Amino acid sequence: MNSFGRALRLALRHRVTFVASVLTALLVGGLWGGNITALYPFVVIAGRNQSLQDWIAEEIQKSRANVRQWTQARSEAEKDLAAPDEARKKQAAARLAQAEARLEAEQNTLARYEWVRPWIDDYLPRAPFRTLLLFLGLVLLGTLVKDLFLVANNLLVARLANLGGLELQRLFFARTLRMDVATFGNEGTSDLMSRFTNDMQALVTGMNILFGKLVREPLKMAACLIGAALICWRLLVLSLVIAPLAALLIRALARTLKRANRRAMEEMAQLYNTLAETFQGIKIVKAFTMERQERRRFQRVCKKYFQKSMRIAGWDALSKPVIEVMGMLIICLAMLAGAYLVLQGETHLLGIRMSARPLTIESLLVFFGLLAGAADPARKLSDVFTQLQAGAAAADRIYALLDREPQVRDPARPRPLGRHSKSLVFEGVHFAYQPGHPVLCDINLEIRFGETLGIVGPSGCGKTTLANLIPRFADPTEGVIRLDGIPLPEVRLRDLRRQIGLVTQDPLLFDDTVLANIRYGSPWATEAEVVEAARQAHAHRFIETELPEGYHTVVGLMGGQLSGGQRQRIALARAILRNPSILILDEATSQVDLESEKLIQKVLERFMRGRTTVIITHRLGALALADRIAVVQDGRLADVGTHHELLGRCDFYRRLYEIQFDELRQSA
């Protein structure tokens, strides 16, 4: 429950809402117990067919008679204490103790009756039926007021829980954005989506239950139990002797439910993952006619989630009869003991004093009514265990990610970083996503400011990984990367990435306008500057002529309304508008036609002046812009040089060139 408690503390920051919710819960609880206590005058009037004035006068007479009786009994017991017989003295001492206790109880009762009598005489009708109507009206009014406070309490609790959930969502999203890029690849976005949606909703529901029913229902129970204690607290204690056993059983059930809910949430995350994979790869699914296989895979995941859900339902179903049986045992025990005391006119049970004076049938009926009133909130609480434990399990899953520290983070004392003007140096850089499986080995490379470096190599050789180390999407496992002589881990991430423009092979566009997508990362740019960047990226023409609303056209989710080449040119315009000192092009023209590629290369040739550029490409034609070319093979730097130098001394580069040259010649 530690993680759940942390989530609750976020909600408790809204003190006014919390205090108001507690006050309304107190009023609901008080009115709940008060309405049940109103049963007493109803029983008196209906059972005796007399007004409350007659009843109070009769009770006062009885109490005065009892006071006289026990005063006389005390006097007789005191006289017998002077007897020489020791046995008689002991009996007299016992009678004296009993007489004093009963006398004190009768005097207290008489004082209460005499205190309340003027109120009854002055304010209540003298006709029994009119008095009954008055009390029924008061009960109805009390119920109405209670329900008004109940509505207010539900609204306040919902506000409190949702405010806490909103704050947690903000923190969770902010922390997720700080996580390493590798986290999104290793764990997938489906698990994150599950935590953001399913788990977060379960947590908010749990907080709603805790601030609502788990505060309000115990207060209703407390009001009833206090009323029952005022009638006969010893009988109440006797009735509740099995309550600790019920608490132990409920605690065991709560732990089991929490574990079951955590497993169900893990299966839900897997369900999200299956849906995401299938929908994102729908073209491949249909092309390879794998619909049946995907249905079977989805069915397997759904079946596992169903099994976990049924296990939760089973434990939840068990919790209700456990609480109900325990509540019935408490009431039956109270009825058995109470009936004995009333029918026998006794104040002791098995030698133990249960009340100061004999209970009346009216007070016993109200006592049972109050116990039943306490049992109803207990029954309602049995319905919340599953949701509460689901909220606790969700909090554990959310805070497990929230507490995780990213491996790539800002230094405690960052060094100032001016605009890049000297060099970018890799010194003995090694990198591995998993221990024992190196991706890059002993990379030593210097890129001078203003230089354009092309990186070539077969797929999977580590080209993109090498480029990803520059903006610190990950840090080397060994070695260091220096920018203008400063190790990258010693500068603030924002200062570093502000100087970098990135265009990837599969550019991501947001579900917004073309204008907003180009301006992304440069929110201060004017519309004229956006248009100029689009011109340089050879995108302005198709934006104006092919898109229905030009720069104000919404591109759809992930840029789905545009072709791959159009998305790449918009992404290139976005990088150009940022005016970075370091430009990284990762297959940035792979999805444009050759004519557009040549035009873009002319633009890039001008744009790359005065900035460091890294070009990753499979098209050797794009390397015409490069001052030098780095050849990467099996995670190692095979060679670095100009195009002509590499043709003369690097067999691997020569083979790449010959392969592409043959392909171009055949296509021509």
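Note that the coordinates shown come from a computational prediction; the quantities given were computed from them, not determined experimentally. Computation of the quantities below employed the complete heavy-atom set of this structure, encompassing side-chain atoms and omitting hydrogens, waters and symmetry-equivalent molecules.
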Going through the checks in order, is the side chain to side chain contact (heavy atoms under 4.5 Å, CB included) test met by Asp199 and Leu203?
CA-CA 6 Å; Asp199 294 6; Leu203 177 57; over 6 Å; no

So that I can tick it off, tell me whether Arg415 and Asp495 are bridged by a salt bridge, with the cut-off set at under 4.0 angstrom between side-chain N and carboxylate O.
no

When you measure from the side chain of Glu490 to the backbone of Pro487, do you find a donor-acceptor pair of N or O atoms at a distance under 3.5 Å?
no

Considering all heavy atoms, the nearest Met200-Gly165 contact
SD-O, 4.3 Å

Expected output: side-chain Asp410 to main-chain Leu493 donor-acceptor under 3.5 Å
yes

Taking Thr642 for the side chain and Glu645 for the main chain, is one N or O donor matched with an acceptor at less than 3.5 Å?
yes

Taking the side chain as everything from C-beta on, heavy atoms only, tell me whether Val640 gets closer than 4.5 Å to Leu445.
yes

Please check if the side chain of Arg649 supplies one atom and the backbone of Leu646 the other of a donor-acceptor pair under 3.5 Å.
no

Counting C-beta onward and ignoring hydrogens, is there a side-chain heavy-atom pair between Asp511 and Val554 closer than 4.5 Å?
yes

Stepwise, does the side chain to side chain contact (heavy atoms under 4.5 Å, CB included) test hold for Asn444 with Leu637?
CA-CA 8 Å; Asn444 291 280; Leu637 198 59; 5.8 Å; no

Flag yes if more than 12 heavy atoms outside Arg654 fall under 6.0 Å of its CZ atom; otherwise flag no.
yes

Note, Val429 side chain near Leu469 side chain (heavy atom, < 4.5 Å):
yes

Would you call Val425 and Ile481 a side-chain contact if the rule is heavy atoms closer than 4.5 Å?
no

Got a second to check how far Gln633's CD is from Asp651's CG, nearest 0.5 Å?
10.0 Å

What do the steps show when you test Phe431 against His437 for ring pair (Phe, Tyr, Trp, His ring centres under 6.0 Å), and what is the final call?
CA-CA 9 Å; Phe431 181 79; His437 299 278; over 10 Å; no

So, the side chain of Asp484 versus the backbone of Lys422: is there a donor-acceptor pair under 3.5 Å, distance only?
yes

Return yes when atom CD of Glu446 has more than 12 non-hydrogen atoms of other residues, nucleotides or ligands closer than 6.0 Å, and no otherwise.
yes

Spacing of CD1 belonging to Ile398 relative to CD belonging to Gln169, to within rounding of 0.5 Å:
8.5 Å

Run through His420, Gln499, Arg611 and flag the one making a side-chain hydrogen bond (donor to acceptor under 3.5 Å, both in side chains) with Ser581.
Gln499

Counting only heavy atoms not in Phe510 (residues, nucleotides, ligands), do more than 12 fall under 6.0 Å from its CZ?
yes

Given 3.5 Å as the limit, does a donor-acceptor pair link the side chain of Thr477 with the main chain of His430, or not?
yes

Arg519 vs Trp524, side chain to side chain contact (heavy atoms under 4.5 Å, CB included): CA-CA, chis, key distance, verdict:
CA-CA 8 Å; Arg519 191 182 275 163; Trp524 57 85; over 6 Å; no

If I take atom CG from residue Leu466 and atom CD1 from residue Ile584, how far apart are they, to the nearest 0.5 angstrom?
9.5 Å

Check whether any side-chain heavy atom of Met207 sits under 4.5 Å from a side-chain heavy atom of Leu163, and report yes or no.
no

Would you mind checking if Asp442 and Arg636 are paired as a salt bridge, meaning a charged N to carboxylate O distance below 4.0 Å?
no

Just so I know, are the side chains of Arg448 and Arg628 near enough to count as touching, which here means a heavy-atom distance under 4.5 Å?
yes

For Asn162, which residues count as a side chain to side chain donor-acceptor pair (under 3.5 Å) partner, sequence neighbours excluded?
none

Donor-acceptor contact present, side-chain Arg578 to main-chain Gly501, <3.5 Å:
no

Euclidean distance, Leu483 CG relative to Arg472 CZ, rounded to 0.5 Å:
12.0 Å

Do Ile543 and Gln566 have side-chain heavy atoms sitting under 4.5 Å apart?
no

Backbone N or O of Val204 within a donor-acceptor pair of the Asn208 side chain at under 3.5 Å?
no

CD1-CD1 distance between Ile447 and Ile582, expressed to the nearest 0.5 angstrom:
8.5 Å

Please answer whether the main-chain N or O of Leu509 pairs with a side-chain N or O of Asn517 as donor and acceptor at a distance below 3.5 Å.
no

Any Val491 side-chain heavy atom under 4.5 Å of Pro414 side chain
no

Within this structure, what is the OH-CZ distance for the pair Tyr399 and Arg175, rounded to the nearest 0.5 Å?
11.0 Å

